[in-house]
Structures are given as C-alpha cells and as structure tokens.
Amino acid sequence: MTQAQNLHQSMTETADYDGQPAQLVTLSNAQGMEVTFMDIGATWLSCILPVKGNRREVLLGVNSMENFEKQASYMGATVGRYANRIANGRFKIDGKNYKLETNQAGNTLHGGPNGFDKRRWNIAEQTETSVVFSLVSADGDQGFPGNLNVSVRYEITEDNRVSIDYTANTDKPTVVNLTNHAYFNLLGAEAGHDCLSHIVSINASQFLPTNSVGIPLGNLKSVKSTSFDFTQPMMISERLLGDEQQKAAKGYDHSFLLADGCKRTQCAATVTSPDALVTLKVFSTKPAMQLYTGNWLGGTPNRSGGSYEDYAGLALETQFLPDSPNHPEWKQDSCILQPEQEYHYRTCYQFEFSGDSSN
C-alpha cells in the first residue's frame with residue numbers, strides 16, 4: 001500500500017462529527033509528487049516529494065480523524081471567514097458595528113470557534129490534477145454579516161506547484177480573508193528535526209509589530225536592523241528570539257507586507273532545507289504573509305503515534321494583515337467584500353527537489 005492509500009484508509013476508519021467519514025482526494029504528477037486533500041476543513045493533508053529516491057513527507061499532519069479533531073494547530077486547513085486575528089472580535093462596515101464570536105484572549109482567531117477549518121466542505125469538482133471544495137457560510141455565521149459562497153481550488157502542476165485559488169461572493173458587505181495553514185518541514189515531517197535550521201527569505205521590507213496576543217500595535221515597521229530582516233536568506237535560528245517582539249510570541253508569529261511585485265510575478269518567500277535537497281518557493285497575489293515558526297506546536301498529534309515538538313514546522317500564511325478591518329489606513333487591498341465584487345486570490349507553493357537518487 002502506498003502512503004496515500006494508507007492515509008485514505010486510516011483517515012476514514014472513524015467518522016467525523018456528523019457521523020460520516022471524511023472524503024480524501026489524492027493528486028499526483030509525472031515527477032512522482034503526490035498531494036492529498038480532505039473535505040473536512042478543505043485541508044491539505046499530505047505532500048510527498050520523491051527526494052533522492054526516497055518519498056519525503058514535507059507537510060505536518062495526522063493520520064486519523066480522532067487526532068485531526070484533537071489538534072488545535074489548524075494543520076493544513078483552510079481558515080476563514082477571516083484568517084489571523086480581529087481585535088476584540090469587533091469591526092465596523094458602513095457605520096454599522098459587528099461583534100464576532102471570540103476564541104483567543106478575547107479576540108477572534110481564524111474565523112472564530114467554529115471556523116471554516118472545522119466544516120465539511122463539498123467536493124464541487126474533480127479532475128486528475130485538481131479538486132475544488134465549496135462551502136456556504138450563512139449570514140451571521142460566527143457573527144459575520146452576509147451569506148458567503150466560498151470555493152477553494154487545489155491544483156498540482158508538472159513543475160511541482162500546488163496552486164490554491166480562493167474565490168468568494170457575498171450578498172451583504174462583509175470581511176473575508178482566506179488562507180491555508182500548512183506547516184512545512186522540508187527535512188521530513190516525521191524525521192524528528194525542527195524547522196529552525198531551515199533557510200528563509202521573504203520579499204518584504206516591512207513587518208507588523210504586535211502585542212503579546214498577536215494584535216497589531218499600530219504601524220508597520222522597517223525590517224532593517226531587526227531580527228525580521230529576511231531580505232537575504234537567513235537560517236531561522238540565527239536571530240530566533242532576537243528581540244522583544246519575538247520573545248513575547250516565543251518566536252516568529254508576525255505578518256510581513258510583501259513587495260508590490262509579488263502580486264505580479266515576484267517570489268514572496270523561499271525556504272531551503274538544511275540538507276539543500278528541497279527548496280520551497282511561495283508566490284501569492286495576497287498583500288501580506290504571516291511567518292509562524294510553530295512556537296506552540298508541542299503536544300500536537302503527529303502521524304507516528306506521538307506528538308510534534310515546538311518548532312516542528314513553519315507556516316507561510318498568505319493573507320491580509322491581521323486586524324485589517326480596523327485599519328483601513330494600511331496600504332493594501334480592502335478586506336471588505338462588496339456584493340458586486342468577487343473575492344479571488346491565488347497562492348502557489350512550488351517545490352524544487354533533487355529527485356534522481358543517481359544524481
């Protein structure tokens with residue numbers, strides 16, 4: 001049995017909250033790359049690369065529904081209606097105040113206590129290389145206004161990209177910010193290594209300082225002369241906990257305002273494994289990206305019957321800046337979606353790896 005077949009079997013042995021088993025979809029390309037997705041949370045469950053003759057799983061994850069429900073780290077899930085944090089669960093549109101369900105330190109994180117990561121999505125379309133998940137979020141869901149129709153399209157390409165297209169429309173002005181919460185460890189998710197020796201670059205000259213619970217303090221700050229300067233490739237451990245901003249978060253858990261060129265063709269971020277066999281390049285039309293170094297992953301179930309440690313993987317969440325509904329002054333697209341508009345953003349995770357064991 002292949003790893004994907006094992007995953008299909010183990011993830012469906014136990015039913016989800018609604019009494020039905022999860023539905024899994026595996027896509028592959030001619031290079032031998034294999035990715036698996038699940039309808040619960042429109043989740044990216046697995047990403048296997050053929051590295052030097054070995055099949056390397058580079059995505060943190062679980063292999064049972066019981067452990068998926070147990071984990072609180074959003075591993076690989078589509079998060080929404082609003083990724084990241086909204087301060088005090090409050091915002092205003094056209095002079096009208098809205099109060100959301102809160103779920104972290106009095107704030108709304110990743111859409112609230114029953115966010116999109118916990119829902120069963122519909123498999124709307126499927127081909128050999130793509131799958132589309134759709135969801136209807138009713139007016140008032142977690143406190144958000146408007147009936148929102150959402151779809152997430154995953155595609156695998158022959159140049160080893162996982163392309164994610166997010167689309168949504170609404171019948172009432174609302175806030176939308178969708179992302180994927182994949183955690184990567186390019187040395188191998190179950191190999192026992194942390195992500196701190198990964199080498200990272202981020203195409204951003206500004207980052208957003210936050211308070212101790214991740215709420216923005218106000219203005220963006222230059223990365224120059226700070227531990228947030230990834231304009232040149234840098235090992236994560238080199239400046240880990242290098243200033244008070246990081247110490248409060250136990251590492252990196254901050255948003256970067258991406259260079260304007262990223263909306264066109266420029267790469268937003270690169271990550272290279274310490275063995276130099278795998279490089280991940282991130283491309284996105286979203287204005288910002290959250291770097292999270294898995295500072296609180298300790299105790300999260302893994303695939304081998306144990307649990308991950310802190311810093312076991314890193315997330316590169318493309319999104320609007322956190323608490324954007326309360327900061328219209330920031331220079332980015334508006335996070336408010338109007339009924340006559342379509343929300344459409346794309347993020348691509350492209351893998352470059354040494355595939356042939358004879359090389």
Side-chain angles (χ1 to χ4, degrees), residues 2-4 6-7 28-36 44-63 73 75-76 156-162 180-203 227 229-242 251-252 267-283 289 291-295 297-298 300 302-317 347-359:
T2 67
Q3 283 165 274
N6 278 328
L7 192 59
S28 59
N29 65 13
Q31 326 311 321
M33 181 177 165
E34 201 171 73
V35 287
T36 298
W44 186 4
L45 271 183
S46 169
C47 182
I48 295 169
L49 309 178
V51 181
K52 288 283 189 183
N54 296 306
R55 293 167 66 74
R56 184 181 294 190
E57 172 65 79
V58 296
L59 205 64
L60 271 59
V62 296
N63 58 8
S73 303
M75 285 195 294
I156 188 171
T157 66
E158 288 304 318
D159 61 351
N160 303 313
R161 288 183 184 225
V162 175
N180 186 282
H181 211 302
Y183 291 87
F184 300 98
N185 188 313
L186 302 183
L187 282 173
E190 316 305 329
H193 304 288
D194 62 36
C195 71
L196 300 180
S197 52
H198 285 50
I199 296 158
V200 175
S201 68
I202 301 175
N203 192 355
S227 63
D229 190 349
F230 286 95
T231 51
Q232 297 298 316
M234 181 176 73
M235 194 178 289
I236 294 169
S237 60
E238 201 174 313
R239 295 187 202 146
L240 187 75
L241 304 176
Y252 292 100
C267 185
T270 65
V271 184
T272 302
S273 60
D275 63 6
L277 295 179
V278 181
T279 293
L280 167 61
K281 292 182 176 177
V282 184
F283 299 85
M289 186 183 74
L291 170 65
Y292 175 46
T293 46
N295 315 335
L297 274 171
T300 301
N302 64 16
R303 293 187 186 91
S304 54
S307 58
Y308 292 116
E309 303 287 338
D310 288 343
Y311 312 113
L314 64 107
L316 301 158
E317 306 156 62
T347 295
C348 297
Y349 295 95
Q350 182 168 26
F351 297 89
E352 296 175 354
F353 49 87
S354 201
D356 188 344
S357 57
S358 63
N359 281 354

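These numbers were taken from a predicted model, which means no experiment stands behind them. These values consider heavy atoms only, across backbone and side chains, with no hydrogens, waters or symmetry-generated copies.
The two atoms that bring Asp310 and Gly298 nearest to each other are OD1-N, 2.7 Å, heavy atoms only. Shortest non-hydrogen contact noted between Gly76 and Asn180 is O-ND2, 3.1 Å.
Under a 3.5 Å cut-off, the side chain of Thr157 and the backbone N or O of Arg161 do form a donor-acceptor pair. Judged purely by atom type and a 3.5 angstrom limit, Asn203 uses its side chain to pair as donor or acceptor with the backbone of Cys267. Side-chain N or O atoms of Asn160 include none that pairs as donor or acceptor with a backbone N or O of Gln350 at under 3.5 Å. Distance alone, capped at 3.5 Å, places no donor-acceptor pair between the Arg55 side chain and the Thr2 backbone. Checking side-chain atoms of Asn63 against main-chain N and O of Ser304 turns up no donor-acceptor pair under 3.5 Å. Panel note: side chain Tyr252, backbone Gly294; no donor-acceptor pair is recorded below 3.5 Å. Formation of a donor-acceptor pair under 3.5 Å by the Tyr183 side chain with backbone atoms of Leu316 is not found in this model. A donor-acceptor pair under 3.5 Å is formed between the side chain of His198 and the backbone N or O of Leu186.
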Check your understanding: Thr300 and Ser307: side chain to side chain donor-acceptor pair (under 3.5 Å), yes or no, with the steps?
Key -> CA-CA 5 Å; Thr300 301; Ser307 58; over 6 Å; no
Review point. What's the verdict on side-chain contact (heavy atoms from CB on, under 4.5 Å) for Thr272 and Val278, showing C-alpha distance, side-chain angles and the deciding distance?
Key: CA-CA 6 Å; Thr272 302; Val278 181; over 6 Å; no
Point to revise | CA sep, side-chain torsions, deciding dist, call: Leu297, Glu309, side-chain contact (heavy atoms from CB on, under 4.5 Å) | key: CA-CA 6 Å; Leu297 274 171; Glu309 303 287 338; over 6 Å; no
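Between Phe283 and Tyr349, the distance from one ring center to the other does not fall under 6.0 angstrom.
Residues passing the side chain to side chain donor-acceptor pair (under 3.5 Å) test with Asn295, sequence neighbours excluded: Thr293. Partners of Glu158 by side chain to side chain contact (heavy atoms under 4.5 Å, CB included), not counting sequence neighbours, listed by chain and number: Asn29, Ala30, Gln31.
Legend: salt bridge (Lys or Arg N to Asp or Glu O under 4.0 Å) pairs involving residues 272-281, not counting sequence neighbours, sorted by first then second residue: Arg56-Asp275, Lys281-Glu352.
Atom-to-atom distance recorded for Glu57:CD and Ser46:OG is 3.5 Å, nearest 0.5 angstrom. Leu280 CG to Leu49 CG: the interatomic distance, rounded to the nearest 0.5 Å, is 9.5 Å. Expressed to the nearest 0.5 Å, how far CZ of Phe351 lies from SG of Cys47 amounts to 4.0 Å.
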